[in-house]
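Take a look at the structure set out below.
For clarity, every value in this text was computed on a predicted model and none was experimentally measured. In what follows, every chain begins at residue 1, and chains take the letters A, B, ... in the order their sequences are listed.
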There are 2 protein chains.
Amino acid sequence: MGIADDAVEVRAHGWRTLAAVHSLIETALERALQGEHGLSVVEYTVLDALDRQDGWHMRMRQLARAAALSNSATTRLVTRLEDRGLLTRVLCADDRRGIYTELTPAGMELLERARPTHDRVLREALAEAEATPELAPLAGALRELEPRPLR
Amino acid sequence: MGIADDAVEVRAHGWRTLAAVHSLIETALERALQGEHGLSVVEYTVLDALDRQDGWHMRMRQLARAAALSNSATTRLVTRLEDRGLLTRVLCADDRRGIYTELTPAGMELLERARPTHDRVLREALAEAEATPELAPLAGALRELEPRPLR
DNA sequence: CTATTTTCGTTGCGTCTGCAACTAGTGCAA
DNA sequence: TTGCACTAGTTGCAGACGCAACGAAAATAG
(Lines give C-alpha, C1' and ligand atoms only; values in the text may rest on other atoms or scores of the structure.)
Protein backbone atom coordinates (compact mmCIF):
# COMPACT_ATOMS: atom_id res chain seq x y z
CA MET A 1 0.00 0.00 0.00
CA GLY A 2 1.52 3.28 -1.11
CA ILE A 3 1.51 6.81 0.21
CA ALA A 4 -1.45 7.82 -1.93
CA ASP A 5 -3.56 4.97 -0.60
CA ASP A 6 -2.60 5.94 2.93
CA ALA A 7 -3.82 9.47 2.36
CA VAL A 8 -7.15 8.15 1.11
CA GLU A 9 -7.50 6.01 4.22
CA VAL A 10 -6.52 8.86 6.52
CA ARG A 11 -9.22 11.05 5.00
CA ALA A 12 -11.83 8.31 5.19
CA HIS A 13 -10.95 7.65 8.80
CA GLY A 14 -11.06 11.34 9.62
CA TRP A 15 -14.46 11.64 8.04
CA ARG A 16 -15.83 8.65 9.95
CA THR A 17 -14.52 10.10 13.20
CA LEU A 18 -15.94 13.51 12.43
CA ALA A 19 -19.32 11.97 11.67
CA ALA A 20 -19.24 9.93 14.87
CA VAL A 21 -18.45 12.93 17.07
CA HIS A 22 -21.03 15.03 15.27
CA SER A 23 -23.67 12.40 15.81
CA LEU A 24 -22.79 11.98 19.47
CA ILE A 25 -23.09 15.69 20.19
CA GLU A 26 -26.15 16.30 18.04
CA THR A 27 -28.09 13.41 19.56
CA ALA A 28 -27.31 14.53 23.10
CA LEU A 29 -28.23 18.14 22.36
CA GLU A 30 -31.38 17.13 20.53
CA ARG A 31 -32.70 15.07 23.41
CA ALA A 32 -31.88 17.67 26.06
CA LEU A 33 -33.11 20.74 24.21
CA GLN A 34 -36.22 19.00 22.98
CA GLY A 35 -37.03 17.55 26.38
CA GLU A 36 -36.36 20.64 28.48
CA HIS A 37 -37.31 23.47 26.16
CA GLY A 38 -39.18 22.04 23.18
CA LEU A 39 -36.42 23.15 20.82
CA SER A 40 -34.63 21.10 18.20
CA VAL A 41 -30.93 21.62 17.62
CA VAL A 42 -31.45 23.57 14.38
CA GLU A 43 -34.06 25.73 16.05
CA TYR A 44 -31.65 26.55 18.84
CA THR A 45 -28.94 27.19 16.27
CA VAL A 46 -31.11 29.71 14.46
CA LEU A 47 -32.12 31.54 17.63
CA ASP A 48 -28.50 31.60 18.74
CA ALA A 49 -27.28 32.85 15.37
CA LEU A 50 -29.83 35.67 15.44
CA ASP A 51 -28.86 36.55 18.98
CA ARG A 52 -25.16 36.67 18.20
CA GLN A 53 -25.92 39.27 15.56
CA ASP A 54 -26.43 41.72 18.43
CA GLY A 55 -30.04 42.49 17.72
CA TRP A 56 -29.33 42.92 14.06
CA HIS A 57 -31.36 41.38 11.24
CA MET A 58 -30.42 38.30 9.29
CA ARG A 59 -31.52 37.27 5.83
CA MET A 60 -33.03 33.88 5.15
CA ARG A 61 -30.01 32.99 3.07
CA GLN A 62 -27.57 33.73 5.88
CA LEU A 63 -29.76 31.80 8.27
CA ALA A 64 -29.73 28.84 5.91
CA ARG A 65 -25.95 28.96 5.89
CA ALA A 66 -25.67 29.31 9.64
CA ALA A 67 -27.96 26.36 10.23
CA ALA A 68 -26.53 24.31 7.35
CA LEU A 69 -29.99 23.91 5.87
CA SER A 70 -31.55 24.11 2.43
CA ASN A 71 -33.60 27.13 1.44
CA SER A 72 -36.86 25.29 1.72
CA ALA A 73 -36.07 23.90 5.15
CA THR A 74 -35.14 27.38 6.29
CA THR A 75 -38.43 28.81 5.09
CA ARG A 76 -40.37 26.23 7.04
CA LEU A 77 -38.16 26.50 10.10
CA VAL A 78 -38.64 30.25 10.24
CA THR A 79 -42.38 29.78 9.74
CA ARG A 80 -42.44 27.34 12.63
CA LEU A 81 -40.59 29.71 14.94
CA GLU A 82 -42.70 32.63 13.80
CA ASP A 83 -45.88 30.69 14.57
CA ARG A 84 -44.54 30.13 18.08
CA GLY A 85 -43.87 33.84 18.40
CA LEU A 86 -40.11 33.44 18.81
CA LEU A 87 -39.13 35.58 15.84
CA THR A 88 -40.69 37.81 13.21
CA ARG A 89 -40.29 38.24 9.50
CA VAL A 90 -39.42 41.79 8.46
CA LEU A 91 -39.71 42.87 4.86
CA CYS A 92 -36.75 44.94 3.86
CA ALA A 93 -37.32 48.12 1.91
CA ASP A 94 -34.13 48.40 -0.15
CA ASP A 95 -34.34 44.89 -1.61
CA ARG A 96 -37.93 43.82 -1.82
CA ARG A 97 -37.00 40.21 -2.50
CA GLY A 98 -35.20 39.95 0.79
CA ILE A 99 -36.74 39.03 4.11
CA TYR A 100 -35.10 39.71 7.41
CA THR A 101 -35.78 37.83 10.59
CA GLU A 102 -35.55 39.20 14.07
CA LEU A 103 -35.86 37.70 17.54
CA THR A 104 -38.89 38.65 19.59
CA PRO A 105 -38.58 39.20 23.35
CA ALA A 106 -40.13 35.75 23.83
CA GLY A 107 -37.49 34.30 21.52
CA MET A 108 -34.67 35.92 23.46
CA GLU A 109 -36.17 34.74 26.70
CA LEU A 110 -36.49 31.15 25.56
CA LEU A 111 -32.96 31.26 24.19
CA GLU A 112 -31.59 32.48 27.51
CA ARG A 113 -33.42 29.69 29.30
CA ALA A 114 -32.15 27.08 26.85
CA ARG A 115 -28.55 28.27 26.77
CA PRO A 116 -27.47 26.73 30.09
CA THR A 117 -28.87 23.39 28.96
CA HIS A 118 -27.07 23.69 25.66
CA ASP A 119 -23.75 24.61 27.25
CA ARG A 120 -23.93 21.90 29.89
CA VAL A 121 -24.90 19.11 27.48
CA LEU A 122 -22.25 20.23 25.02
CA ARG A 123 -19.65 20.08 27.75
CA GLU A 124 -20.80 16.62 28.82
CA ALA A 125 -20.92 15.32 25.26
CA LEU A 126 -17.40 16.55 24.57
CA ALA A 127 -16.20 14.96 27.80
CA GLU A 128 -17.77 11.70 26.69
CA ALA A 129 -16.06 11.98 23.33
CA GLU A 130 -12.72 12.57 25.03
CA ALA A 131 -13.31 9.48 27.14
CA THR A 132 -13.82 7.41 23.99
CA PRO A 133 -10.40 6.35 22.67
CA GLU A 134 -11.12 6.60 18.95
CA LEU A 135 -12.92 9.95 19.30
CA ALA A 136 -10.58 11.57 21.80
CA PRO A 137 -8.02 12.98 19.33
CA LEU A 138 -10.65 14.90 17.39
CA ALA A 139 -12.53 16.00 20.51
CA GLY A 140 -9.26 17.29 21.89
CA ALA A 141 -8.50 19.15 18.68
CA LEU A 142 -11.77 21.04 18.99
CA ARG A 143 -10.54 22.65 22.17
CA GLU A 144 -7.54 24.09 20.34
CA LEU A 145 -9.61 26.07 17.86
CA GLU A 146 -9.51 29.82 18.16
CA PRO A 147 -12.95 31.09 19.04
CA ARG A 148 -13.31 33.53 16.19
CA PRO A 149 -16.80 34.17 14.79
CA LEU A 150 -17.99 31.90 12.01
CA ARG A 151 -19.05 34.13 9.14
CA MET B 1 -15.73 37.63 30.95
CA GLY B 2 -13.85 35.00 32.96
CA ILE B 3 -12.03 31.83 32.15
CA ALA B 4 -15.12 29.67 32.59
CA ASP B 5 -17.08 31.76 30.09
CA ASP B 6 -14.22 31.50 27.66
CA ALA B 7 -14.31 27.72 27.86
CA VAL B 8 -18.04 27.74 27.13
CA GLU B 9 -17.45 29.93 24.10
CA VAL B 10 -14.57 27.77 22.88
CA ARG B 11 -16.76 24.69 23.01
CA ALA B 12 -19.66 26.42 21.27
CA HIS B 13 -17.33 27.66 18.56
CA GLY B 14 -15.80 24.23 18.14
CA TRP B 15 -19.23 22.68 17.80
CA ARG B 16 -20.33 25.23 15.19
CA THR B 17 -17.16 24.61 13.21
CA LEU B 18 -17.58 20.85 13.46
CA ALA B 19 -21.17 21.12 12.28
CA ALA B 20 -20.15 23.35 9.38
CA VAL B 21 -17.41 21.00 8.17
CA HIS B 22 -19.70 18.01 8.60
CA SER B 23 -22.42 19.65 6.57
CA LEU B 24 -19.99 20.69 3.83
CA ILE B 25 -18.64 17.17 3.41
CA GLU B 26 -21.96 15.39 3.75
CA THR B 27 -23.70 17.61 1.22
CA ALA B 28 -20.93 17.14 -1.33
CA LEU B 29 -20.85 13.37 -0.83
CA GLU B 30 -24.63 13.12 -0.94
CA ARG B 31 -24.90 14.88 -4.27
CA ALA B 32 -22.06 12.97 -5.89
CA LEU B 33 -22.95 9.49 -4.65
CA GLN B 34 -26.64 10.00 -5.32
CA GLY B 35 -26.04 11.40 -8.78
CA GLU B 36 -23.42 8.93 -9.97
CA HIS B 37 -24.43 5.72 -8.20
CA GLY B 38 -27.88 6.18 -6.72
CA LEU B 39 -26.52 5.83 -3.20
CA SER B 40 -27.10 8.10 -0.22
CA VAL B 41 -24.26 8.78 2.19
CA VAL B 42 -25.67 6.47 4.88
CA GLU B 43 -26.20 3.74 2.31
CA TYR B 44 -22.60 4.03 1.22
CA THR B 45 -21.51 4.07 4.86
CA VAL B 46 -23.34 0.82 5.53
CA LEU B 47 -21.94 -0.94 2.48
CA ASP B 48 -18.46 0.29 3.34
CA ALA B 49 -18.77 -0.79 6.97
CA LEU B 50 -19.84 -4.27 5.89
CA ASP B 51 -16.99 -4.44 3.42
CA ARG B 52 -14.38 -3.40 5.97
CA GLN B 53 -15.47 -6.35 8.08
CA ASP B 54 -13.63 -8.56 5.61
CA GLY B 55 -16.61 -10.56 4.49
CA TRP B 56 -17.74 -11.02 8.05
CA HIS B 57 -21.28 -10.53 9.27
CA MET B 58 -22.53 -7.51 11.13
CA ARG B 59 -25.49 -7.23 13.45
CA MET B 60 -28.14 -4.61 12.94
CA ARG B 61 -27.09 -2.96 16.18
CA GLN B 62 -23.48 -2.60 15.06
CA LEU B 63 -24.66 -1.29 11.74
CA ALA B 64 -26.82 1.29 13.51
CA ARG B 65 -23.77 2.44 15.45
CA ALA B 66 -21.54 2.55 12.38
CA ALA B 67 -24.06 4.61 10.46
CA ALA B 68 -25.04 6.76 13.46
CA LEU B 69 -28.67 5.85 12.94
CA SER B 70 -31.56 4.82 15.17
CA ASN B 71 -32.69 1.20 15.24
CA SER B 72 -35.78 1.89 13.21
CA ALA B 73 -33.91 3.79 10.54
CA THR B 74 -31.42 0.93 10.32
CA THR B 75 -34.18 -1.60 9.84
CA ARG B 76 -35.60 0.35 6.95
CA LEU B 77 -32.21 1.13 5.46
CA VAL B 78 -31.30 -2.56 5.43
CA THR B 79 -34.69 -3.39 3.95
CA ARG B 80 -34.08 -0.86 1.21
CA LEU B 81 -30.65 -2.25 0.37
CA GLU B 82 -31.95 -5.81 0.56
CA ASP B 83 -34.73 -4.96 -1.90
CA ARG B 84 -32.09 -3.67 -4.27
CA GLY B 85 -30.16 -6.91 -3.89
CA LEU B 86 -27.08 -5.25 -2.39
CA LEU B 87 -27.08 -7.20 0.85
CA THR B 88 -28.91 -10.08 2.51
CA ARG B 89 -30.31 -10.69 5.96
CA VAL B 90 -28.94 -13.83 7.60
CA LEU B 91 -30.65 -15.30 10.64
CA CYS B 92 -28.12 -16.35 13.19
CA ALA B 93 -28.52 -19.71 14.86
CA ASP B 94 -26.97 -19.15 18.28
CA ASP B 95 -29.02 -16.05 19.10
CA ARG B 96 -32.34 -16.23 17.34
CA ARG B 97 -33.12 -12.58 18.05
CA GLY B 98 -30.08 -11.47 16.13
CA ILE B 99 -29.94 -10.76 12.44
CA TYR B 100 -26.73 -10.55 10.50
CA THR B 101 -26.30 -8.70 7.25
CA GLU B 102 -23.92 -9.59 4.50
CA LEU B 103 -22.90 -7.95 1.24
CA THR B 104 -23.99 -9.65 -1.97
CA PRO B 105 -21.67 -9.71 -4.99
CA ALA B 106 -23.82 -6.95 -6.50
CA GLY B 107 -23.34 -4.95 -3.32
CA MET B 108 -19.57 -5.35 -3.43
CA GLU B 109 -19.52 -4.43 -7.07
CA LEU B 110 -21.55 -1.26 -6.57
CA LEU B 111 -19.37 -0.33 -3.61
CA GLU B 112 -16.22 -0.73 -5.68
CA ARG B 113 -17.69 1.48 -8.38
CA ALA B 114 -18.76 4.10 -5.86
CA ARG B 115 -15.54 4.15 -3.86
CA PRO B 116 -13.51 6.27 -6.30
CA THR B 117 -16.29 8.84 -6.36
CA HIS B 118 -16.43 8.85 -2.59
CA ASP B 119 -12.68 9.23 -2.18
CA ARG B 120 -12.40 11.93 -4.79
CA VAL B 121 -15.28 14.04 -3.46
CA LEU B 122 -14.04 13.64 0.09
CA ARG B 123 -10.62 14.88 -0.96
CA GLU B 124 -12.16 17.85 -2.78
CA ALA B 125 -14.46 18.71 0.10
CA LEU B 126 -11.60 18.64 2.59
CA ALA B 127 -9.56 20.82 0.27
CA GLU B 128 -12.43 23.28 0.13
CA ALA B 129 -12.66 23.27 3.92
CA GLU B 130 -8.95 23.96 4.18
CA ALA B 131 -9.37 26.86 1.80
CA THR B 132 -12.03 28.36 4.03
CA PRO B 133 -10.32 30.34 6.78
CA GLU B 134 -12.70 29.54 9.65
CA LEU B 135 -12.85 25.84 8.75
CA ALA B 136 -9.21 25.31 7.94
CA PRO B 137 -7.93 24.60 11.48
CA LEU B 138 -10.38 21.77 12.00
CA ALA B 139 -9.94 20.41 8.49
CA GLY B 140 -6.22 20.40 9.08
CA ALA B 141 -6.61 18.60 12.38
CA LEU B 142 -8.46 15.79 10.62
CA ARG B 143 -5.34 14.96 8.66
CA GLU B 144 -3.38 14.44 11.85
CA LEU B 145 -5.64 11.66 13.12
CA GLU B 146 -4.17 8.20 13.29
CA PRO B 147 -6.03 5.95 10.91
CA ARG B 148 -7.01 3.32 13.41
CA PRO B 149 -10.25 1.42 12.90
CA LEU B 150 -13.37 2.88 14.47
CA ARG B 151 -14.86 0.08 16.54
C1' DC C 1 -35.76 51.03 -22.57
C1' DT C 2 -36.72 46.18 -23.24
C1' DA C 3 -35.05 41.36 -22.91
C1' DT C 4 -32.45 38.03 -20.52
C1' DT C 5 -30.28 36.25 -16.57
C1' DT C 6 -29.75 35.85 -11.77
C1' DT C 7 -31.10 35.99 -6.96
C1' DC C 8 -34.37 35.30 -3.15
C1' DG C 9 -37.78 33.02 -0.91
C1' DT C 10 -41.91 29.77 -1.13
C1' DT C 11 -44.49 25.46 -2.16
C1' DG C 12 -45.59 20.45 -3.91
C1' DC C 13 -43.83 16.14 -3.52
C1' DG C 14 -41.63 12.01 -2.22
C1' DT C 15 -38.39 10.20 1.09
C1' DC C 16 -36.12 9.51 5.36
C1' DT C 17 -35.90 10.10 10.30
C1' DG C 18 -36.68 9.32 15.51
C1' DC C 19 -39.85 8.08 19.14
C1' DA C 20 -42.76 5.01 21.29
C1' DA C 21 -45.15 0.81 21.33
C1' DC C 22 -44.79 -3.88 20.10
C1' DT C 23 -43.20 -9.00 19.36
C1' DA C 24 -39.87 -12.44 20.00
C1' DG C 25 -35.99 -14.50 22.12
C1' DT C 26 -32.43 -14.69 26.07
C1' DG C 27 -30.78 -14.99 30.76
C1' DC C 28 -31.09 -14.66 35.63
C1' DA C 29 -33.48 -15.84 39.98
C1' DA C 30 -36.47 -17.91 43.19
C1' DT D 1 -39.74 -24.63 36.14
C1' DT D 2 -41.86 -20.35 36.11
C1' DG D 3 -41.51 -15.47 36.37
C1' DC D 4 -39.34 -11.18 35.31
C1' DA D 5 -36.12 -8.06 33.42
C1' DC D 6 -33.50 -7.22 29.43
C1' DT D 7 -32.00 -7.13 24.52
C1' DA D 8 -32.80 -7.33 19.28
C1' DG D 9 -35.31 -5.95 15.70
C1' DT D 10 -39.78 -4.25 13.50
C1' DT D 11 -43.77 -1.07 12.68
C1' DG D 12 -47.25 3.08 13.13
C1' DC D 13 -46.96 7.70 13.19
C1' DA D 14 -45.98 12.45 12.77
C1' DG D 15 -42.47 15.62 11.66
C1' DA D 16 -38.55 17.47 9.02
C1' DC D 17 -35.68 17.26 5.03
C1' DG D 18 -33.94 18.15 0.02
C1' DC D 19 -34.99 18.64 -4.78
C1' DA D 20 -37.16 20.74 -8.40
C1' DA D 21 -40.42 23.93 -10.13
C1' DC D 22 -42.30 28.30 -9.33
C1' DG D 23 -43.21 33.64 -8.96
C1' DA D 24 -41.38 38.08 -7.85
C1' DA D 25 -37.83 41.41 -7.72
C1' DA D 26 -33.21 43.00 -9.05
C1' DA D 27 -29.17 43.13 -12.04
C1' DT D 28 -27.16 42.90 -16.49
C1' DA D 29 -26.98 43.06 -21.65
C1' DG D 30 -27.93 44.87 -26.02
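Between Arg96(A) and dA24(D) there is no side-chain N or O to OP1 or OP2 distance below 4.0 Å. A sub-4.0 Å separation between OP1 or OP2 of dT10(C) and a side-chain N or O of Arg89(A) is present. Between Arg59(A) and dG9(C) there is a side-chain N or O to OP1 or OP2 distance below 4.0 Å.
In this structure, Leu91(B) places its CG atom 15 Å from P of dA24(C), rounding to the nearest Å. As a whole-Å value, the separation of Asn71(A) CG from dT10(C) P is 9 Å. As a whole-Å value, the separation of Arg76(B) CZ from dT15(C) P is 14 Å. Asp83(A) places its CG atom 11 Å from the P atom of dA16(D), with the value rounded to the nearest Å. Following rounding to the nearest Å, Gln62(B) (CD) and dA8(D) (P) show an atom-to-atom distance of 10 Å. Atom pair Leu33(B):CG and dG18(D):P shows a separation of 17 Å (rounding to whole Å applied). When rounded to the nearest whole Å, the span between CZ of Arg61(B) and P of dC6(D) equals 15 Å. Taking atom CE on Met60(B) and atom P on dA24(C), their separation rounds to 18 Å, with Å as the unit.
Between His57(A) and Tyr100(A), the angle of the ring planes lies from 30° to 60°, which puts this pair in the tilted group.
Panel note: side chain Thr117(A), backbone Leu33(A); no donor-acceptor pair is recorded below 3.5 Å.
Ranked by how close their nearest DNA chain C nucleotide is to the 5' end, Gly98(A) and Glu30(A) are led by Gly98(A). Nearer the 5' end of DNA chain D, as judged by each residue's closest nucleotide, is the contact made by Arg31(B), out of Arg31(B) and Arg97(A).
The side chain of Ala73(B) has dT17(C) as its nearest neighbour among dA8(D), dG9(C), dT17(C). Here dG18(C) is the nucleotide among dT17(C), dG18(C), dG25(C) with the atom lying nearest to any side-chain atom of Ser70(B).
Between His22(B) and Trp15(B), the distance from one ring center to the other does not fall under 6.0 angstrom.
Below the 3.5 angstrom threshold, one finds a donor paired with an acceptor across the side chain of Ser72(B) and the base of dC19(C).
Closest non-hydrogen pair, Val78(B) versus Thr101(B), comes out as CG1-CG2, 3.8 Å. Smallest separation of non-hydrogen atoms from Leu122(A) and Leu29(A): N-CD2, 4.1 Å.
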